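Okay, structure first, notes after.
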Protein chains: 2
Amino acid sequence: MARKTGSHSDITGPRVRAAALRLFARDGFAAVSMRQIAAEVGVQAGALYLYTPDKQALLFDLLKAHMDDVLSHWAAEPKGSGPQEALEAFVRFHIRFSLTRAEAVFLSYMELRNLTADHFAKIEALRRAYEDQLEAILEEGQASGAFAVPDTKLATMAIIAMLTGVNTWYREGGRLSRDRVEQIYQDMVRSAVQA
Amino acid sequence: MARKTGSHSDITGPRVRAAALRLFARDGFAAVSMRQIAAEVGVQAGALYLYTPDKQALLFDLLKAHMDDVLSHWAAEPKGSGPQEALEAFVRFHIRFSLTRAEAVFLSYMELRNLTADHFAKIEALRRAYEDQLEAILEEGQASGAFAVPDTKLATMAIIAMLTGVNTWYREGGRLSRDRVEQIYQDMVRSAVQA
DNA sequence: CTTGGAATTGAACGCGCGTGCAGATACCAC
DNA sequence: GTGGTATCTGCACGCGCGTTCAATTCCAAG
C-alpha cells in the first residue's frame with residue numbers, strides 16, 4: 001500500500017488520512033506522533049513518508065481537502081430562488097455538513113496555527129471564499145429589501161459562528177433531532193436579519 | 001522569587017502565569033515547553049516548579065482563574081431591570097470582557113482537551129454556570145412574554161457562540177469600533193429572540 | 001558580620017519525537 | 001520461475017521534552 005514511485009504530489013493514502021484526521025481531531029496536531037498514526041494504520045512510522053513529505057503536509061492536506069469539500073458541496077446545493085430561500089439553504093447546509101464532518105470542521109479551526117505561513121494563507125483564502133457565499137446572500141437580500149442587517153460582514157461572521165457552534169454541543173440521539181435543530185436555527189437566523 | 005516553603009496550593013507566580021498564558025495562547029499548550037516559559041520569565045526551567053507542581057496544573061490554574069474571573073465580573077455587572085435589559089447587559093458584557101481577555105478566552109475553549117478528567121469537569125462546571133446565567137435571562141423573558149424562543153437552551157448556545165466569535169475577527173483599530181460592534185450584536189440578538 | 005532558610009541554577013534522567021535510509025518483502029508482468 | 005519495482009520494516013540519528021535534585025546564591029534578621 002503506497003503511491004506510485006516517488007512523487008508526493010498526488011493524493012495521500014486514504015487510510016493514512018483517515019487515521020490522521022481521527023487522531024488530530026481527538027488529541028490535537030502537536031500531541032499526535034507519526035508513530036501513533038502509523039500504529040492506527042497498522043504500519044511502521046517510516047512507511048508514512050511514502051504518503052506525505054512530512055507531518056505538517058499531512059495536516060495541510062486534510063484541511064485543504066475539507067475546504068474544497070465544503071465549497072464544492074455548497075456549490076452543488078439547491079438554493080431555491082431569492083435571498084430568503086438561499087439563506088435557509090445556507091443554514092441547513094452548514095449545520096448538516098458540519099455535523100457529518102465534525103472531525104474535519106473541528107480540525108479546520110483548531111489547527112490553523114500549526115500551518116506554515118503559505119499553507120495558512122491558502123486555507124484562509126478558501127475559508128474567506130466560503131464566508132463570501134453567505135455574505136453575497138445577505139447583500140442581495142439587503143438590496144432587495146428582504147433583509148435589514150446593519151452590516152453584512154458582521155452578520156456573516158455572527159451567523160457562521162452561531163451555526164458552527166452547533167458542533168460543540170450537538171450529540172446524535174440527544175434531546176433534539178438534527179432536523180429540529182436546523183429548523184430552530186433557521187428561525188433564529190431569519191428573525192435576526194428580517195427587514 | 002518564589003512562594004513560601006513547600007506547598008503549591010496558593011497562587012501561581014504572576015509572572016509565570018502571564019508568560020504561560022501568552023505562550024499557550026499563541027502556540028498551543030502542547031507546543032510550548034517549560035523551558036520556553038522559563039525563558040520568557042527570565043529563569044531556568046527548574047525554577048518553574050516552585051510555582052506549579054507540573055505543566056498541566058499551570059494550564060488548569062489559568063483556565064480556572066479565567067472562569068472565576070468571568071463569573072465574578074458578570075455577578076458585579078449592573079443588569080438593569082427586566083429580561084430585555086438583562087439580555088442587553090449580557091451581550092455587552094460578554095463581548096467587552098472577551099475582547100479584553102482575548103488570550104484567556106481563546107485558551108479556555110482551545111485547550112480543554114489537555115486537562116485531566118477531573119480538571120476538565122471543574123472547568124466545564126464553571127462554563128455551564130456561566131451559560132446558565134444567560135439561559136435564566138431567556139427563560140425569564142420567555143415567561144414574561146418578552147421573548148419568543150423555541151428552545152432556551154439552544155438559544156443560549158447560539159448566542160454565546162455568536163458573541164464569542166467576535167474574538168476571531170475583531171481587531172483594535174479596525175473598520176468598526178468596539179462600541180459599534182456591541183451595538184450591532186445587541187440588535188441582532190434582540191431581534192432573534194423578540195416575541 | 002554571621003547565619004539560615006528561601007530562591008534559583010545547572011546538570012542530569014529516561015524518553016519519545018520527526019525523519020532518513022539500507023535492506024527485506026510482496027506482488028505483478030513476462 | 002524470474003526479474004524488477006512498489007511497498008514496508010527496523011534501526012538509527014540528533015534533539016528537546018517534563019521533571020528532579022544537589023549545590024549554589026541571595027537576602028533579611030539577629
Side-chain angles (χ1 to χ4, degrees), chain A residues 1-24 26-63 107 111 113-117 119, chain B residues 1-24 26-63 107 111 113-117 119:
Chain A
M1 178 237 274
R3 67 157 50 89
K4 314 272 163 71
T5 319
S7 166
H8 285 293
S9 57
D10 48 274
I11 305 159
T12 310
R15 305 192 46 227
V16 172
R17 292 165 60 88
L21 175 58
R22 176 167 46 248
L23 293 178
F24 286 165
R26 202 189 57 189
D27 301 329
F29 175 78
V32 173
S33 72
M34 293 299 270
R35 279 171 245 260
Q36 285 173 57
I37 298 170
E40 189 90 352
V41 177
V43 114
Q44 295 300 314
L48 295 181
Y49 291 84
L50 293 168
Y51 301 95
T52 184
D54 54 36
K55 193 189 178 191
Q56 148 87 218
L58 194 46
L59 176 60
F60 174 71
D61 277 359
L62 292 173
L63 299 198
L107 253 203
E111 304 295 357
R113 64 172 158 210
N114 288 300
L115 295 174
T116 57
H119 278 168
Chain B
M1 180 235 275
R3 67 157 49 88
K4 313 272 163 72
T5 319
S7 165
H8 285 296
S9 58
D10 49 280
I11 304 159
T12 310
R15 306 193 43 228
V16 171
R17 292 163 60 87
L21 176 58
R22 176 167 47 250
L23 293 178
F24 285 165
R26 201 188 59 189
D27 301 330
F29 175 77
V32 173
S33 73
M34 293 299 271
R35 279 170 244 261
Q36 285 173 58
I37 298 170
E40 189 90 353
V41 177
V43 114
Q44 295 300 315
L48 295 181
Y49 291 84
L50 294 168
Y51 302 94
T52 183
D54 54 36
K55 192 189 178 192
Q56 149 87 217
L58 194 46
L59 176 60
F60 174 71
D61 277 359
L62 292 173
L63 299 198
L107 253 204
E111 304 295 357
R113 64 171 158 211
N114 288 301
L115 295 174
T116 57
H119 279 169

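Keep in mind it's a predicted model, so treat the numbers as computed, not measured. So you know, we letter chains A, B, ... as the sequences are listed, proteins then strands, and number each from 1.
Here C/dC17 presents its C1' atom at 14 Å from CG of A/L48, a figure rounded to the nearest Å. The distance from atom CG of A/L50 to atom P of C/dA26 is 16 Å, rounded to the nearest whole Å. Rounded to an integer number of Å, the gap from CG of A/D54 to P of C/dC17 is 17 Å. At whole-Å resolution of the value, CZ in A/R35 and C1' in D/dC13 are 11 Å apart. Distance, A/I37 CD1 to C/dG16 C1': 15 Å, rounded to whole Å. Between the CD atom of A/Q44 and the P atom of C/dT19 there is a distance of 17 Å, given to the nearest Å. A straight line from CE of A/M34 to P of D/dT9 spans 14 Å, rounded to a whole angstrom. Atom C1' of nucleotide C/dG18 and atom CG of A/L58 are separated by 13 Å, given to the nearest angstrom.
For B/Y49, taking side-chain heavy atoms from C-beta onward, the closest of the listed nucleotides D/dT19, C/dT9, C/dT19 is D/dT19.
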Review item, side-chain donor-acceptor pairs of residues 34-47 of chain B, under 3.5 Å, at least two apart:
unit_1, atom_1, unit_2, atom_2, d
B/Q36, NE2, B/S33, OG, 3.4
B/E40, OE2, B/R22, NE, 2.8
B/E40, OE2, B/R22, NH2, 3.0

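Interatomic distance, A/F29 CZ to A/E111 CD, rounded to the nearest 0.5 Å: 7.5 Å. Atom NZ of B/K55 is separated from atom OH of B/Y49 by 8.5 Å, given to the nearest 0.5 angstrom.
Scanning both residues, B/R113 and A/R26, for their nearest heavy atoms gives CD-O, 3.6 Å.
For B/S33 and D/dC17, the shortest distance from a side-chain N or O to OP1 or OP2 is below 4.0 Å. Phosphate contact (OP1/OP2 of C/dC17, side-chain N/O of A/Q36, threshold under 4.0 Å): present.
Among the heavy atoms of the strands, none lies under 4.0 Å from B/Q56.
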